[in-house]
Amino acid sequence: MRLFINKIFLALSVFSALIGLAFLGWILITLFIKGLGSFHFNLFLNDLIEGGLRNLIIGQFILAGLASLIGIPIGMTAGIYIQEYGRGKYAALIRDLSDIMMSAPSIVIGAFVYAIIVVPTGGTSGYAGAIALAIMMIPVVINTTDNMLSLVPRELREAGIALGASKYRVILDIVIKAAKVGIMTGILLAFARIIGETAPLLFTSETSNYFSLNLSESFPSLTVSIYDLANEPEESSRDLAWAASFILTVMVLIINLTGRFITRNKK
Amino acid sequence: MEKIFQKLSLSSASLVFIILIGIFITLFSAAKPAIDEFGFDFIFNPDWNKEVVIDAPQAAQNTQSDTLEDEIITDEDDVIIEDEDDMIADEDEEDMMLDDEDEALSKTIYGGLVPIVGTLLTTLIALVFALPIAMGIAVFLAEIAPKNISYFVGIAIELLAAIPSIIFGMWGLYYFAPIVADIVGGYQVSLLTAGLVLGVMILPFMAAITRDSMNTTPAVLKESAYALGATKFEVIKDIIFPYSKVGIIGSIILALGRALGETMAVAFLIGSIFVLPEAINDPTISIPVAMANNFGEASGLGESALFYLALILFVISFAVISLAKFYFLKKAK
């Protein structure tokens, strides 16, 4: 009887793993069939107004890239503070708050940026979108930096100090170097996460049908346009949305796998 | 130089604090008009964007002569204008039209009950659906699968977690919901389908952190039990589960926090109408979706009411996440 219960239990567990994999497979296969069906290389050459996706893909990368330019230095220095400088309660508080911020609803962050940037500046803009994404990114970078620095052996730091290097030199030249791969992975995963975000961009950057490099006006966003296109009644719009989703997912998964591959090689 | 770097890192760290406080203050001040107007009753009021006429006798004549004739229901002494069709776009149009009339005659009432209930119910459905499967996957990854299979399945599950939520929404609407609707009946866009897709979305996240909790069980404990002749099931039930219970509960609550604030996956599927669901397969709306769909067109009190909803969502998820992180997951360490 015990063995029978055991068998049933194990079977259920394997079954649930299969369900998980089945959902992944189902979503990916759907994306491949629908996405590849409407995929065409001209999508990379034309803007949305001409039925392509070029402006949206470039726009999404610019938004996520600018967010990284803001988010990575802030996140890394904050992580360094928590791990290297912070003593006692304040550093612990910041670590906890950053953990909470990591799970904060992304639409609320969008609303926050709307209130502090979009309303005062009088309209949606690429800057607002990038700042919303940066706020999403900062806690993830803090978390990675914090974790990776904590893995660096104490002796390395002491050796540096013993050689007469100042503390910030030790941190920048020794500690960060030792933790480089881990931090890079974390940053890539954070980038993969924000490049697929829609909710924080809905009322900050919005989207645009035209190619634009002007960050002070509504900025083309792949994810926001997918949402718009998918809700349109015409079949052609929805096909375009599927093609865009396919491209987005492939980009996200490639960045994500690259991140994992780097760490794995290191080991 | 040392000092500068130290100050710089301190100010970056403090920025987290400032942003969180800033979010709270900003949401509160933007929601202030709605809070002043509706108070705490907002939470229990099921009417969203509903015109209520204050000055009854005159207003009845005024409004009835308007273009809205067929959508108006009038009482003898307490006149209430109600539109049959609760679609937001229509309401907004109507809102505009009524705004053109004399402001004093009617006012618009906003209540948050429908999106609040919608948010809680979709999260509950997602949790009920995802919990057993996530536990099964976690057990499989932590205890059953051989190392290399566990590694690859683990990566696959984490890739599922990396897929952008908007993809879940589209897939859910066009491929998953029709099947669910065939089986259960009712609408394709409903509380049920939204909750299930949300469940699929939080599944990998829940499984991954539950597995991590289970992995903290010391091997010595497990091996002692096996040595006594326990089966795998017994080891999991009597050793691993009690040992990592607190961590697992923390993981579940953390996943719940994620589900509460999810926008895009739900936006495609919930139907986006401000009506309390009577059955599990009725369409309704959740807080994030109410914000996503109405923010662009809203202004004045309507926008303030959306900020009020955002504030409620922020406070709920802040509380849920803090509970998970600081009570359960801290204790687990």
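Here is how names work: the chains are called A, B, and so on, in the same order as the sequence lines, proteins then strands, and each is numbered from 1. Excluded from the calculations below are hydrogen atoms, water molecules and symmetry mates; all remaining heavy atoms, backbone and side chain alike, are included.
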Measure the CD1-OG distance between B/I144 and A/S13 for me, rounded to the nearest 0.5 Å.
3.5 Å
Have a look at A/F112 and tell me which of B/I19, B/L20, B/I25 forms a side chain to side chain contact (heavy atoms under 4.5 Å, CB included) with it.
B/I19
Determine the interplanar angle of the B/F17 and A/Y90 rings, folded into 0 to 90°, and report it as parallel if under 30°, tilted if 30 to 60°, perpendicular if over 60°.
perpendicular
Which atoms of B/L159 are under 4.5 Å from chain A, going by heavy atoms: the side chain, the backbone, both sets, or neither?
both
Looking only at side chains, do B/S12 and A/T77 share a donor and an acceptor under 3.5 Å apart?
yes
With only heavy atoms counted, which part of B/I287 is less than 4.5 Å from chain A, the side chain, the backbone, both or neither?
neither
Is chain B contacted by the side chain of A/L189, its backbone, both, or neither, given a heavy-atom distance below 4.5 Å?
neither
Roughly how far apart are A/S103 OG and B/L260 CG, rounded to 0.5 Å?
11.0 Å
Can you tell me which portion of A/V252 sits under 4.5 Å from chain B's heavy atoms? Options are side chain, backbone, both or neither.
side chain
From A/Y168 OH over to B/Q6 CD, what is the distance, rounded to the nearest 0.5 angstrom?
12.5 Å
Part of A/L24 within contact of chain B (heavy atom distance under 4.5 Å)
both
Classify the ring geometry of A/F203 against B/F295: parallel below 30°, tilted from 30° to 60°, perpendicular beyond 60°.
parallel
Between the CD1 atom in A/I33 and the OH atom in B/Y175, the distance rounded to the nearest 0.5 Å is 7.5 Å
Between A/A241 and chain B, with a heavy-atom cut-off of 4.5 Å, which part of the residue counts as in contact: side chain, backbone, both or neither?
both
Using side-chain heavy atoms (C-beta onward) and a distance below 4.5 Å, is A/S245 in contact with B/I166?
no
Heavy-atom cut-off 4.5 Å, strictly under: side chain, backbone, both or neither for B/M264 against chain A?
side chain
Can you tell me which portion of B/I23 sits under 4.5 Å from chain A's heavy atoms? Options are side chain, backbone, both or neither.
both
Look up atom CG in B/L10 and atom CD1 in A/I94, then write down how far apart they are to the nearest 0.5 Å.
8.5 Å
Most contact-rich option vs chain A, by heavy-atom pairs under 4.5 angstrom, among B/A292, B/A324, B/A310, is B/A292
Proximal component of B/V139, with respect to chain A [non-hydrogen, under 4.5 Å]
both
Could you tell me which portion of B/Y174 (side chain, backbone, both or neither) has an atom closer than 4.5 angstrom to a non-hydrogen atom of chain A?
side chain
Quick one: which of B/L203, B/I157, B/L27, B/L313 has the most heavy-atom pairs under 4.5 Å with chain A, could you say?
B/L313
Examine whether an atom of B/S14 lies under 4.5 Å from a heavy atom of chain A, and if so say whether it belongs to the side chain, the backbone or both; otherwise answer neither.
both
Ranked by heavy-atom pairs below 4.5 Å to chain A, first place among B/L15, B/I155, B/I236, B/L8 goes to B/I236
Shorter than 4.5 Å, heavy atoms on both sides: which option in B/F314, B/F176, B/F168 has the most such pairs with chain A?
B/F176
